[in-house]
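I have placed the structure first, in the form of structure tokens, so that the comments after it can refer back to it.
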Amino acid sequence: MQEPPDYREAQSSAEFAALRRSHRSFAFPLTVAFLLWYLAYVLLSSYAGDFMAIKVLGHLNVAFVLGIAQFATTFLIAWWYSRHATAKLDPKAEVIKARLEGASLEAGTSLRKDTPRLEDPA
């Protein structure tokens, strides 16, 4: 029977610190920016009714356009984060996972369930 992984050691490792830093440096600024954008929309809706009522195109006013832009930015951020996670976070997480599981990774080998794992020669 194998010893359980030492999660405290993994958490204090340089690889885990790099993974956290990569996540935080992307997620935190983007979250703050989106919250400020949302707050601006709410404040404009509450206190700048005349501005929000300006017709932009036909019956579409500024409030409608900015409201649709809220949805667009939500989906854009989700897509952008997915790309970031796939490119930057997942490879780092796989290295940590492999070390915890005691697997040896060769260059370019993935531990995802949809790709084959390396077999132990023993």
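Residue numbers start at 1 and run along the sequence shown. Worth saying up front: this structure is predicted, and the values here are computed from it rather than measured.
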Main-chain N/O of Ser82 paired to Thr86 side chain as donor or acceptor, under 3.5 Å | yes
Please work out whether the ring planes of Phe26 and Trp80 are parallel, tilted or perpendicular, with thresholds of 30° and 60°.
-> perpendicular
Judged by atom type as modelled, is there a donor-acceptor pair below 3.5 Å linking the side chain of Ser12 to the main-chain atoms of Arg8?
-> yes
Answer yes or no: are there more than 12 heavy-atom neighbours, outside Lys88 itself, under 6.0 Å from its atom NZ?
-> no
Measuring from Thr31:OG1 to Arg24:CZ, what's the distance to the nearest 0.5 Å?
-> 12.5 Å
Shortest non-hydrogen separation from Leu100 to Ala10 and the atoms involved | CD2-CB, 3.7 Å
Minimum-distance pair of heavy atoms, taken over all atoms of Ala85 and Pro91 | O-CD, 4.3 Å
In terms of hydrophobic clustering (I, L, V, M, F, W, Y; side-chain heavy atoms under 4.5 Å; direct or indirect links), are Ile68 and Val62 co-clustered?
-> no
Beyond-backbone contact of Trp79 with Leu76, side-chain heavy atoms, under 4.5 angstrom | yes
For residues Thr74 and Phe34, report the shortest heavy-atom separation together with the two atoms involved.
-> OG1-CZ, 3.5 Å
Measuring from Leu19:CG to Arg21:CZ, what's the distance to the nearest 0.5 Å?
-> 10.0 Å
Minimal heavy-atom distance between Ser13 and Arg99, with the atoms involved, is OG-NH2, 3.3 Å
d(Arg20 CZ, Gln11 CD) to nearest 0.5 Å is 6.5 Å
Is Leu89 close to Tyr81 at the side-chain level, that is, under 4.5 Å between some pair of heavy atoms?
-> yes
Which atom pairs, one a donor and one an acceptor, fall under 3.5 Å between side chains of residues 39-52 and the rest of the protein, sequence neighbours left out?
| residue | atom | partner | partner atom | Å |
| --- | --- | --- | --- | --- |
| Ser45 | OG | Tyr41 | O | 2.9 |
| Ser46 | OG | Val42 | O | 3.0 |

When clusters are formed by joining ILVMFWY residues with side-chain heavy atoms under 4.5 Å apart, either directly or through shared neighbours, do Leu30 and Leu36 land in the same one?
-> no
For Trp37, look at atom CH2 and say whether over 12 heavy atoms of other residues, nucleotides or ligands are found less than 6.0 Å away.
-> yes
Say you draw a straight line from CD1 of Ile77 to NE2 of His84; how long is it, rounded to the nearest 0.5 Å?
-> 13.5 Å
